[in-house]
Amino acid sequence: MRAMVYRGGGRALALESWPLPEPGRGEMRIKVLACGVCRTDLHIVDGELPLHGDHVIPGHEVVGEVECLGDGVTGHRLGERVGVPWLGWTCGECEHCTHGRENLCGRALFTGHTRDGGYASHIVVKSDYAIPLPDAADPLRTAPLMCAGLIGWRALRAAGDARVIGLYGFGASAHLVAQVAIAQGRMVFAMTRPGDTRRQQFARSLGATWAGGTDATPPQPLDAAILFAPDGALVPLALSHVRPGGTVVCAGIHMSDIPSFPYATLWGERTLRSVANLTRADATGFFAFVHDHPLQVEVTPYPLAQANEALDALRAGRLQGAAVLVP
């Protein structure tokens, strides 16, 4: 198989040829049709998240076809179209797993981080963590749903019943969760980098009531804010835009340090919280919603061998929507 492999010590991935992997018990091999490029991949390649072992194949927004079933696999069939998300395995035994919070399992394995991921022609996955998809699902436009969509869905749930929601950073996740929120009858304000009129117009085209730079004040106080941009300085800014009793949700796996801020910015029973990973129940709820409310997924395709170029585009903020690798 072909794979873009990260071996640490720098930002570049290398295209390598590996033997075709064989699935073990409870696993299956999937032929990758598309793999989204997530900011978490960038955090790994830029050294902001640790490399476990001497290498990793990034990628956890995978759509593919089941090619080989390992022993003991049930509920899947050869040729089936499936999605592979960030959550790759959990113990099923700890307090978190047995109380519906498998996303917090201390022994969890994550696709493209502690298990090799989808920047490749093939991937081996635990069958219980693959998401069945319709055979007609478009791989390019379904791949970003596996993380950008799912983590946005979990972050939106963490915002509770907020009616007016501010989205800070309008990239792959925000352009999807904005559509979900609007379909739920909420009002969306989009905050971009100052002067990024292209993304602001994009947000308005998707139904955002208002869009402006983070240097502007939203036209009314927010019930909740969701931060997708990994900039810790946005935390006190978002808190200052949230009404008393409101919530600020940090949706990323990594963020720069949060600067100190006056207690008065938090006071008024405002809540500051994070979301971590996802659960299989999140996937069930999200894809049921998407079935009834199809989303416009903006993608830029790249050949697998151009994964570094795709990461560079994400790093530089040149993408509108999501980049997707196509083996």
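Computation of the quantities below employed the complete heavy-atom set of this structure, encompassing side-chain atoms and omitting hydrogens, waters and symmetry-equivalent molecules.
Within the 3.5 Å criterion, the main-chain N or O of Phe189 finds no donor-acceptor partner in the side chain of Thr209. Judged purely by atom type and a 3.5 angstrom limit, Asn103 has no side-chain atom pairing as donor or acceptor with the backbone of Thr279. Without hydrogens or angle criteria, Arg270 side chain to Val242 main chain gives a donor-acceptor distance under 3.5 Å. With Glu102 contributing its side chain and Arg280 its backbone, the two residues share a donor-acceptor pair below 3.5 Å. At distances below 3.5 Å, not a single donor-acceptor pair connects side-chain atoms of Glu80 with backbone N or O atoms of Pro132. A distance-only check finds a donor-acceptor pair linking the side chain of His175 to the backbone of Glu298 [under 3.5 Å]. Formation of a donor-acceptor pair under 3.5 Å by the Arg186 side chain with backbone atoms of Ala162 is found in this model. Formation of a donor-acceptor pair under 3.5 Å by the Tyr119 side chain with backbone atoms of Met4 is not found in this model. Remark: side-chain polar atoms of Tyr129 are paired, donor with acceptor, to backbone N or O of Thr90 under 3.5 angstrom. Judged purely by atom type and a 3.5 angstrom limit, Arg199 uses its side chain to pair as donor or acceptor with the backbone of Phe170.
Rounding to the nearest 0.5 Å gives a distance of 11.0 Å between CG of Leu49 and OG1 of Thr114. We find the NE2-CZ distance between His291 and Phe286 to be 13.5 Å, quoted to the nearest 0.5 Å. Rounding to the nearest 0.5 Å gives a distance of 10.5 Å between SG of Cys38 and CG of Leu311. In this structure, His55 NE2 and Glu16 CD are separated by 8.0 Å, a value rounded to the nearest 0.5 Å. Here OG1 of Thr214 is found 8.0 Å from CG of Asp231. Values are rounded to the nearest 0.5 Å. Considering CD1 of Ile123 and NE2 of His60, their distance stands at 11.0 Å, rounded to 0.5 Å.
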For this session: Take Val56 and Asp116 through the test side chain to side chain contact (heavy atoms under 4.5 Å, CB included) and record every step on the way to the result.
Result: CA-CA 6 Å; Val56 70; Asp116 283 332; 4.0 Å; yes

For this session: May I have the step-by-step check of side chain to side chain contact (heavy atoms under 4.5 Å, CB included) for Ile57 and Met1, ending in yes or no?
Result: CA-CA 12 Å; Ile57 301 172; Met1 74 173 200; 3.9 Å; yes

Exercise. Between Val326 and Tyr302, does a side chain to side chain contact (heavy atoms under 4.5 Å, CB included) hold up when you go through it step by step?
Worked result: CA-CA 6 Å; Val326 184; Tyr302 288 81; over 6 Å; no

Exercise. What's the verdict on salt bridge (Lys or Arg N to Asp or Glu O under 4.0 Å) for Glu65 and Lys31, showing C-alpha distance, side-chain angles and the deciding distance?
Worked result: CA-CA 5 Å; Glu65 291 180 350; Lys31 178 182 178 181; 5.8 Å; no

Exercise. What's the verdict on side chain to side chain contact (heavy atoms under 4.5 Å, CB included) for Arg318 and Thr300, showing C-alpha distance, side-chain angles and the deciding distance?
Worked result: CA-CA 11 Å; Arg318 294 194 301 269; Thr300 302; over 6 Å; no

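Inter-residue side-chain proximity for Arg107 and Cys94 is flagged as unmet; no heavy-atom pair is nearer than 4.5 Å. Asp138 has its side chain out of reach of Val297: every pair of non-hydrogen atoms, C-beta onward, lies at least 4.5 Å apart. Proximity of Met191 to Pro218: side-chain heavy atoms (C-beta onward) are separated by under 4.5 Å at one or more points. Contact annotation: the side chain of Ile30 never approaches that of His76 to less than 4.5 Å [non-hydrogen atoms, C-beta and beyond]. The closest side-chain heavy-atom distance from Leu69 to Pro23 is not below 4.5 Å. Within the 4.5 Å cutoff, the side chain of Leu145 has heavy atoms near those of the Phe287 side chain. A 4.5 Å side-chain heavy-atom check between Met146 and Thr142 finds at least one atom pair inside the cut-off. You'll find the side chain of Glu48 stays beyond 4.5 Å of the side chain of Leu42, heavy atoms only.
Between Thr111 and Pro85, the closest heavy-atom pair is OG1-O, 2.8 Å. Looking at every heavy atom in both residues, Tyr168 comes nearest to Ala225 through CE1-CB, 3.6 Å. Nearest heavy-atom pair, Ala174 versus Gly169, reported as atom, atom and distance to 0.1 Å: CB-O, 3.1 Å. Minimum interatomic distance between Val188 and Ala181 (heavy atoms only, all atoms of both residues): CG2-CB, 3.7 Å. Between Cys35 and Val62, the closest heavy-atom pair is SG-CG2, 3.9 Å. Here the closest heavy-atom approach between residue Gly317 and residue Arg198 is recorded as O-NH2, 4.1 Å.
Residues Leu13 and Leu314 are members of one and the same hydrophobic cluster, defined by side-chain heavy-atom contacts under 4.5 angstrom among Ile, Leu, Val, Met, Phe, Trp and Tyr. Linking ILVMFWY side-chain heavy atoms closer than 4.5 Å, directly or via other members, places Met28 and Ile131 in two distinct hydrophobic clusters. Note on Ile253: it does not cluster hydrophobically with Val235, by side-chain heavy-atom contacts below 4.5 Å among ILVMFWY residues. Cluster membership check: Phe289 shares its hydrophobic cluster with Leu206, using side-chain heavy-atom separations under 4.5 Å among Ile, Leu, Val, Met, Phe, Trp and Tyr. Taking hydrophobic clusters as Ile, Leu, Val, Met, Phe, Trp and Tyr residues chained together by side-chain heavy-atom distances below 4.5 Å, Val82 does not share a cluster with Val290.
In Asp215, the CG atom is crowded: over 12 heavy atoms of neighbouring residues, nucleotides or ligands sit closer than 6.0 Å. More than 12 heavy atoms of other residues, nucleotides or ligands sit less than 6.0 Å from atom CG of Asp292.
Proximity of the aromatic rings of His113 and Trp86 is defined here by a centroid distance below 6.0 angstrom, and this criterion is met. The distance between the ring centers of His241 and Trp210 does not fall below 6.0 angstrom.
With sequence neighbours excluded, no residue satisfies side chain to side chain donor-acceptor pair (under 3.5 Å) with Arg39.
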